[in-house]
Amino acid sequence: MVGSEDVLWDADDKSMQMVPRLRRIGVTAGCLGFLGLMLWTDSDPAWALYAGALYLLGEIAYWAWDRGRLVDARIVPGEADSSARLRLRRVGGRITEHDPHHVARVVVIHDNVHDLAKLRLSLHGRQLLFGRPGRPAGLTTWRQTCPKAKVGDRAARWGMPGVPD
């Protein structure tokens with residue numbers, strides 16, 4: 001039984017980051033509109049509208065994916081006479097609790113450049129959950145909390161900042 005909440009994963013940035021995303025969309029739309037006006041006389045400006053629409057769809061898809069990423073994983077005490085639970089909080093604010101024995105795999109991917117890591121968490125019969133970058137987690141705590149899980153870590157396959165793993 002756990003006496004208090006133990007932090008297993010804590011992301012550095014827990015916000016939705018909407019202001020920078022809206023700023024990028026606005027700047028991109030303005031630039032594409034300006035380019036469309038500049039090339040209006042020489043060619044068909046429809047490509048600027050298509051490029052803007054494609055960029056907007058990409059931002060929406062990224063927002064939908066990012067919203068489900070984990071920002072916090074804690075082990076919390078269970079109710080009376082029950083075992084501890086794994087509490088997962090996502091970027092969008094959704095909180096779910098799971099039995100730690102249902103965790104199939106935990107992988108901590110260390111960044112080659114910064115002192116950060118990413119979390120990959122797989123639950124039995126469920127999808128793979130991605131964690132936002134945060135401080136590297138202690139694998140011993142994960143092994144003690146989730147005894148049936150394959151717990152491991154590795155270095156990122158790409159060494160450049162900004163290149164996703």
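Because the structure is a prediction, the values reported are computed rather than measured.
Pairs of residues two or more places apart, or lying in two chains, never qualify as side-chain hydrogen bond (donor to acceptor under 3.5 Å, both in side chains) while including a residue from residues 139-151.
Crowding of R89 atom CZ: a count of heavy atoms from other residues, nucleotides or ligands under 6.0 Å exceeding 12.
Using a 4.5 Å heavy-atom threshold, the side chains of R120 and I109 count as touching.
Contact detail for P136 and A117: the closest heavy-atom pair is CA-CB, 3.9 Å. Considering all non-hydrogen atoms of both residues, L139 and G152 come closest at CD2-O, 3.9 Å. Contact detail for S122 and L128: the closest heavy-atom pair is CB-CD1, 4.1 Å. R85 and I75 make their closest contact through O-CD1, 3.1 Å (heavy atoms, listed as atom of the first residue, atom of the second, distance). Taking both residues in full, the closest heavy atoms of D99 and S83 are given as OD1-OG, 4.4 Å, listed atom of the first, atom of the second, then distance. Listed here is the closest heavy atom pair of R132 and R69: CA-NH2, 3.6 Å.
When hydrophobic clusters are built by joining Ile, Leu, Val, Met, Phe, Trp and Tyr residues whose side-chain heavy atoms come closer than 4.5 Å, directly or via intermediates, V108 is grouped together with L129. Hydrophobic clustering keeps L116 apart from V7 (ILVMFWY residues linked when any side-chain heavy atoms are closer than 4.5 Å, directly or through intermediates).
Panel note: side chain R135, backbone D115; a donor-acceptor pair is recorded below 3.5 Å.
One distance of note links CG of D111 with NZ of K118; it measures 7.0 Å at 0.5 Å rounding. The distance from atom CG of D10 to atom CZ of R74, rounded to the nearest 0.5 Å, is 6.5 Å.
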Inset, instruction - Would you check, one step at a time, whether the test side-chain contact (heavy atoms from CB on, under 4.5 Å) holds for D153 with V107? - result: CA-CA 5 Å; D153 65 340; V107 178; 6.0 Å; no
Inset, instruction - Give the intermediate values and the outcome of side-chain contact (heavy atoms from CB on, under 4.5 Å) for residues T96 and R90. - result: CA-CA 9 Å; T96 57; R90 292 179 172 85; 3.4 Å; yes
Inset, instruction - Check step by step if side-chain contact (heavy atoms from CB on, under 4.5 Å) holds for L8 and L119. - result: CA-CA 10 Å; L8 296 173; L119 176 70; over 6 Å; no
